[in-house]
Student: 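Dumping the structure here so I can ask a few things about it.
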Amino acid sequence: MPELPEVETIARGVDQRLRGDRIVGAWFSSYPQPFKTPRARQAKGLAGRIILSVHRTGKHIVCELGSVAPANASAAIRPDSQWIVHLGMTGRLLVTTPGEPVAAHTHARLSLLTGRELRFVDARRFGRLEFRDLVRTRAFDAPGAEPLSIGPGEFAALFRGRKLAIKAALLNQSLLAGVGNIYADESLFHAGIRPRRAAGRLTRAELERLRQALRKVLQQAIRLGGSSVSDYVDANGARGFFQLEHCVYLRTGEPCRRCATPIRRILLAGRGTHFCPRCQH
DNA sequence: CATTTCACCTGGTGGC
DNA sequence: TGCCACCAGGTGAAAT
């Protein structure tokens, strides 16, 4: 479900509410798919650790965790491990009270010292949970560039010489991290570029329009708390509002907001792709 | 190596 | 009401 704006919204919400809290125990469901780190190792690693901060990188939520060293408890606590959450298509990360009924498809429950719980719910089980011990492993880093901070030159270089469709390139996480189907379609609309255009054939001016459209769309979506198309909610269970601003995504046959031409839907890279045949060239 | 296709899952919706 | 086809925010392995 979640792309950069949704993941950013959730990470901010969890950070705001859980920073400084301590994980006292962790429970995991018996389904194997969501656990990149084996359940037992994950539970053991999480228990007793303090949530120092939570942030987003690409479509991943990274919780920086620490332990209090008994010798110098007054010193600033450094992260010694990370809990990394990828939400897949339907994943949710929710801060709840312990009494809250447990939703179907709940795959992880972290109980916290303040009595609250952090729950991971994921119907389709495309999400992934990973625990990293930073003494043994490097810190997590998304492979692709951040679309909110990349500059014009670096952005253009990503697509140079590539024959695949620009939409497929936008979805490639090792090029740009965080762009998914909604924001690929929306940013191509605002840049006036057809999704099937070969990435390497776009002019410098088009690429710059695309970079700015992408940044604008992502920033506005973050301001509106993301897009709630079917079931996305933030860490507090609240829906986002950016779906009301969509110009093409899931608007097949509806009039273009700019020129009233019906929005067309095609299949590209296996994904439903929406564009205005008149505004996009 | 670059690119495309498909499998992995469950649930909602709309047609008949 | 039931059944079925199709669609859905993602990714990584296998095939080309």
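Below, all heavy atoms of this structure are taken into account, side chains as well, without hydrogens, waters or symmetry copies. Quick caveat: nothing in here was measured; it's all calculated off a predicted structure. Convention: sequence-line order gives letters A, B, ...; per-chain numbering from 1.
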Student: Where do A:Gln243 and A:Arg239 come nearest, in terms of heavy atoms and distance?
Tutor: NE2-NH2, 4.1 Å
Student: Starting at atom CZ of A:Arg271, determine the distance to atom P of B:dC6, rounded to an integer number of angstrom.
Tutor: 15 Å
Student: Between C:dG10 atom C1' and A:Gln173 atom CD, what is the distance in whole Å?
Tutor: 8 Å
Student: Taking atom C1' of C:dA8 as reference, at what distance in whole Å does atom CG of A:Leu87 sit?
Tutor: 16 Å
Student: Which nucleotide wins on minimum distance to the side chain of A:Arg265, given the candidates C:dC7, B:dT3, C:dG10?
Tutor: C:dC7
Student: Do A:Glu208 and A:Arg204 meet the salt-bridge criterion of a basic N to acidic O distance under 4.0 Å?
Tutor: no
Student: A:Arg162 has a side chain; which of C:dG10, B:dT3, C:dA8 sits nearest to it?
Tutor: B:dT3
Student: Please report, rounded to the nearest Å, how far the P atom of C:dA8 is from the CZ atom of A:Arg251.
Tutor: 16 Å
Student: Check every strand shown and say whether A:Tyr249 touches a base, only sugar-phosphate, or nothing at a heavy-atom separation below 4.0 Å.
Tutor: sugar-phosphate
Student: Picking from A:Thr114, A:Leu110, A:Leu112, what satisfies side-chain contact (heavy atoms from CB on, under 4.5 Å) with A:Leu18?
Tutor: A:Leu112
Student: Please work out if A:Gly270 contacts a base, only the sugar-phosphate, or nothing of the nucleic acid, heavy-atom cut-off 4.0 Å.
Tutor: nothing
Student: Is any side-chain heavy atom of A:Ile51 closer than 4.5 Å to one of A:Leu65?
Tutor: yes
Student: Which of the following nucleotides, C:dG10, B:dC9, C:dA8, is nearest to the side chain of A:Gln33?
Tutor: B:dC9
Student: Please tabulate, for side-chain N and O atoms in residues 268-275 of chain A, each donor-acceptor pair with protein atoms closer than 3.5 Å (sequence neighbours left out).
Tutor:
{"from": "A:Thr273", "atom 1": "OG1", "to": "A:Lys167", "atom 2": "NZ", "distance (Å)": "2.9"}
{"from": "A:Thr273", "atom 1": "OG1", "to": "A:Arg271", "atom 2": "O", "distance (Å)": "3.1"}
{"from": "A:His274", "atom 1": "ND1", "to": "A:Asp185", "atom 2": "OD2", "distance (Å)": "2.8"}

Student: Among A:Pro255, A:Pro277, A:Cys279, which residue meets the side-chain contact (heavy atoms from CB on, under 4.5 Å) test with A:Thr261?
Tutor: A:Pro277
Student: Pick the P atom in B:dC9 and in C:dA14, then give their distance to the nearest Å.
Tutor: 15 Å
Student: For a quick check of understanding: with a heavy-atom distance under 4.0 Å over all strands, which category does A:Arg128 fall into, base, sugar-phosphate or nothing?
Tutor: nothing
Student: Hey, does A:His190 have a side-chain heavy atom less than 4.5 Å from the side chain of A:Lys216?
Tutor: no
Student: Specify the separation, in whole Å, of atom CG of A:Leu175 and atom P of C:dG10.
Tutor: 15 Å
Student: Atom CD of A:Gln243 and atom P of C:dA8: how far apart are they, to the nearest Å?
Tutor: 17 Å
Student: To the nearest Å, how far apart are A:Asp122 CG and C:dT11 C1'?
Tutor: 13 Å
Student: Using only modelled atom types and a 3.5 angstrom limit, is any donor from either the side chain of A:Arg124 or the base of B:dC9 paired with an acceptor on the other?
Tutor: yes
Student: With rounding to whole Å, what would you report as the distance between C:dC7 and B:dT5 at their P atoms?
Tutor: 16 Å
Student: Carefully, step by step, assess A:Phe35 and A:Phe120 under the rule ring-ring contact (aromatic ring centres under 6.0 Å, His included).
Tutor: CA-CA 11 Å; A:Phe35 309 109; A:Phe120 172 70; 7.9 Å; no
Student: Nearest 0.5 Å please: distance from the CG atom of A:Asn172 over to the CZ atom of A:Phe159.
Tutor: 9.0 Å
Student: Ignoring backbone atoms, test whether A:Lys59 places a side-chain nitrogen or oxygen under 4.0 Å from the OP1 or OP2 oxygen of C:dT11.
Tutor: yes
Student: It should be established whether A:His86 places a side-chain nitrogen or oxygen under 4.0 Å from OP1 or OP2 of nucleotide C:dT11.
Tutor: yes
Student: Go through DNA chain C and write down every stem, that is, every run of at least three consecutive Watson-Crick or G-U wobble pairs with distances under 3.5 Å, as range with range.
Tutor: B:2-8 with C:10-16, B:10-16 with C:2-8
Student: By a 5.5 angstrom centroid cut-off and a 30 degree plane limit, is there stacking between A:Phe126 and C:dT11?
Tutor: no
Student: Do the side chains of A:Arg119 and A:Glu100 get close enough for a salt bridge, i.e. N-O under 4.0 angstrom?
Tutor: no
Student: Find the distance A:Glu6:CD to C:dG10:P and express it as a whole number of Å.
Tutor: 9 Å
Student: Scan nucleotides 11-16 of chain B nucleotide by nucleotide, 5' to 3', and note B when protein non-hydrogen atoms come under 4.0 Å of the base, S if they reach only the sugar-phosphate, - if neither.
Tutor: S-----
